[in-house]
There are 2 protein chains.
Amino acid sequence: MGNSRVTVREIARLAGVSVATVSRVSNGTGQVSEEMRRRVLEAIEKYGYRPDHLGRALAARRHGALGLVFPGLSGPYFTELIQGFESEAVPARASVHILCTHLREDSDDQVLEMARRVDGVAVVGGTISEPTLLRLAETVPVVVLAGRGLETVPAVSVDNAPAMTTLTRHLLVDHGLRDLVFVGNPDGSPDVSERWAGFQNAYHELDLAPPTEPLRLAMQQHDGVLAAERLLGGDGPAPQAVVCANDELALGVLVGALGRGLRVPEDLVITGFDDAPMAALVSPPLTTVRQPVRELAAEAARLILNAVDAPGVAPDGIVLPTEFVVRRSCGCPAGSPTGGTGK
Amino acid sequence: MGNSRVTVREIARLAGVSVATVSRVSNGTGQVSEEMRRRVLEAIEKYGYRPDHLGRALAARRHGALGLVFPGLSGPYFTELIQGFESEAVPARASVHILCTHLREDSDDQVLEMARRVDGVAVVGGTISEPTLLRLAETVPVVVLAGRGLETVPAVSVDNAPAMTTLTRHLLVDHGLRDLVFVGNPDGSPDVSERWAGFQNAYHELDLAPPTEPLRLAMQQHDGVLAAERLLGGDGPAPQAVVCANDELALGVLVGALGRGLRVPEDLVITGFDDAPMAALVSPPLTTVRQPVRELAAEAARLILNAVDAPGVAPDGIVLPTEFVVRRSCGCPAGSPTGGTGK
DNA sequence: TTGAAAGCGTTACCAG
DNA sequence: CTGGTAACGCTTTCAA
């Protein structure tokens with residue numbers, strides 16, 4: 001029982017039919033007489049036959065698997081991403097392969113190698129080089145997740161720049177702040193790059209001169225604490241507001257600021273991006289931009305799944321809307337209205 | 001170029017040799033004359049031949065893949081787990097399949113299905129039923145990650161109970177606290193169950209009566225905030241200390257307590273478990289237990305990899321040591337000594 | 001409706 | 001050293 005060493009051939013012999021018939025029955029394809037079907041089903045049941053995935057995949061020339069590639073695996077953003085991706089893949093009977101490149105030397109090769117084991121791949125923006133992305137796309141359907149696509153590679157992303165412009169304008173106009181610092185490394189990821197551009201754009205729209213440089217740091221809470229040290233460390237005046245590239249950074253800055261005895265938002269305004277679960281829970285709750293991370297990844301999976309079934313047609317990229325979430329860390333009173341940035 | 005539609009047979013024809021020779025060259029197995037090797041290599045290079053993974057896997061009767069199964073995918077614990085697992089699998093040229101069951105109805109079937117696509121599986125404790133675990137183990141090598149093993153299934157875990165006893169004793173003896181609350185659901189996972197037992201055990205060792213019930217909650221920061229509401233909400237006296245099943249809960253309780261104007265640790269002592277990155281960064285920094293999560297997962301991957309190569313031998317389980325990390329949230333002054341719980 | 005046989009792409013055994 | 005050929009387990013024509 002349950003031993004999966006049983007093959008079609010054995011079942012065929014046992015049931016006194018051909019392997020073709022066994023295959024037809026076990027797949028529900030073609031026409032099989034009631035009598036045959038019964039005999040086969042019986043044998044399948046009795047010996048616990050389950051078709052071997054490799055044999056099947058080889059014959060179908062399809063792996064029944066999707067790949068997901070990202071740089072690291074830090075924070076709630078990536079866990080959401082994985083779960084969103086999985087939520088589409090699993091019902092489609094595709095298993096999910098993951099690969100964290102950690103930006104290793106040989107990561108491009110590893111991605112290429114993964115492509116040989118799956119039917120399609122989603123790559124988080126900024127993870128691999130453009131030439132590699134192109135080569136990848138020659139092998140399997142590819143979509144860029146949270147990044148810019150290429151001619152042959154569609155992308156799913158959110159409206160980062162407009163969202164960040166909205167948030168920054170809120171600080172500049174509604175709160176009359178001027179001395180803002182942007183925390184995040186635009187070179188690290190397309191998301192951050194677009195947010196930094198949106199941040200600067202808010203100044204431009206008001207004929208103000210934006211800061212010329214962001215505070216370049218990675219995206220974890222740890223880095224936020226570091227940012228607080230740099231910004232509030234003593235030498236030089238502290239900024240009026242810290243605009244963070246994501247919530248984790250913001251949470252780190254918040255912890256650092258609070259730990260120094262500063263009051264937020266009275267002494268320092270802090271904003272995030274993502275609307276991670278903790279953003280609403282801390283005190284003061286974080287003003288941020290909500291982005292549909294799960295949906296983003298689900299959309300990517302859907303795109304790939306479709307491309308696998310209908311090869312040749314390169315679908316358009318997709319941009320998902322975000323929502324500006326005003327809470328108290330920007331200086332607004334509790335219970336302020338929130339507004340989306342639109343589609 | 002780069003087109004992976006090229007097969008051994010074509011290369012063989014193109015190079016004027018047999019498929020066997022091509023195979024030998026591309027795998028570096030057997031003896032091949034310099035002349036042949038050169039010809040084959042040339043053709044391989046010219047047509048960008050890469051052996052097909054499925055064909056190879058079918059012939060070798062090995063997938064070159066490992067599976068990792070867990071309930072959800074919340075928080076830093078699971079991201080560490082994945083990365084630790086990957087750090088062993090990737091160098092061994094095995095890809096990593098993941099599956100979040102979300103405790104779905106059909107998750108047992110999904111796990112069984114996954115087992116048909118990989119060479120071995122690591123299952124996080126408490127994710128699937130024991131019968132399913134047993135059936136799984138009939139199919140492929142399995143190891144339980146952070147949980148109890150079975151006769152045929154080894155487990156890798158940490159010394160949860162002694163560690164939690166040490167921490168609790170510290171509160172009871174060194175700080176003279178008596179009214180502690182344990183937050184976490186022992187039914188949810190073996191880890192929590194053991195920690196709850198260790199918590200109670202500290203009381204027993206001192207001939208004290210432990211609380212009979214924990215505050216049963218899930219393991220995310222959100223739940224910690226919930227715990228703070230319940231515990232500090234007004235009706236009934238607040239406890240002296242909240243002993244959390246993990247750091248995320250503790251962080252949530254901390255946020256909730258601070259938000260209510262309580263001072264930590266003066267008004268309320270809070271402890272965690274895991275030593276997540278944030279534990280050291282918040283204010284006050286969290287007293288907790290450090291567990292080697294990455295190492296745990298890496299060990300699991302190694303165990304499986306070995307079992308794949310040497311089938312039949314059921315290896316022993318492994319228990320990794322933890323380290324008690326005393327910081328300020330328990331009431332100790334800054335810079336207190338820390339101590340391990342030993343092997 | 002059924003079965004024989006030809007793949008799918010690779011590896012490995014066995015002669016030569 | 002080299003090549004022919006038989007697996008590996010399955011699906012799918014193509015005839016009967």
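To find a chain, count down the sequence lines: A is the first, B the second, and so on, and within it residues start at 1. If you're wondering where the values come from, they're calculated on a predicted model, not measured in any experiment.
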On the nucleotide [N], are OP1 or OP2 found under 4.0 Å from the side-chain N or O atoms that [X] carries?
X	N	answer
B:Arg56	C:dT11	yes
B:Ser33	D:dT2	yes
A:Ser23	D:dT11	yes
B:Thr21	D:dG3	yes

| task | Grab the CZ-P distance between B:Arg62 and C:dA12 for me, whole Å please. | result | 11 Å

| query | Rounded to the Å, how far apart are A:Arg38 CZ and C:dT1 C1'? | reply |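 Going from CZ in A:Arg38 over to C1' in C:dT1 covers 16 Å.
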
| said: When you measure only distances, ignoring hydrogens and angles, does the side chain of B:Arg9 come within 3.5 Å of the base of C:dG7 through a donor and an acceptor? | reply: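 Absent.
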
| query | Going by modelled atom types, is there a donor-acceptor pair between the base of D:dG9 and the side chain of B:Arg61 at under 3.5 Å? | reply | no

| field | Closest-nucleotide ordering on DNA chain D, the 5'-leading residue of B:Val32 and A:Ala59 | value |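 With A:Ala59 and B:Val32 compared, the 5'-side residue is B:Val32.
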
| request: Return yes if some donor-acceptor pair links the side-chain N/O of B:Arg104 with the main-chain N/O of B:Cys100 below 3.5 Å, else return no. | output: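 It does hold such a pair.
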
| query | Judged by atom type as modelled, is there a donor-acceptor pair below 3.5 Å linking the side chain of B:Arg62 to the main-chain atoms of B:Ala57? | reply | no

| field | Validation row: A:Val69, A:Met114 side chains within 4.5 angstrom (heavy atoms) | value | yes

| On DNA chain C, nearest-nucleotide positions of A:Met36 versus A:Val19: which is more 5'? |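 In this pair, the answer is A:Met36.
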
| task | Can you measure from CG (B:Leu14) to CD (B:Glu42) and round to the nearest 0.5 angstrom? | result |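 Those atoms lie 11.0 Å apart.
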
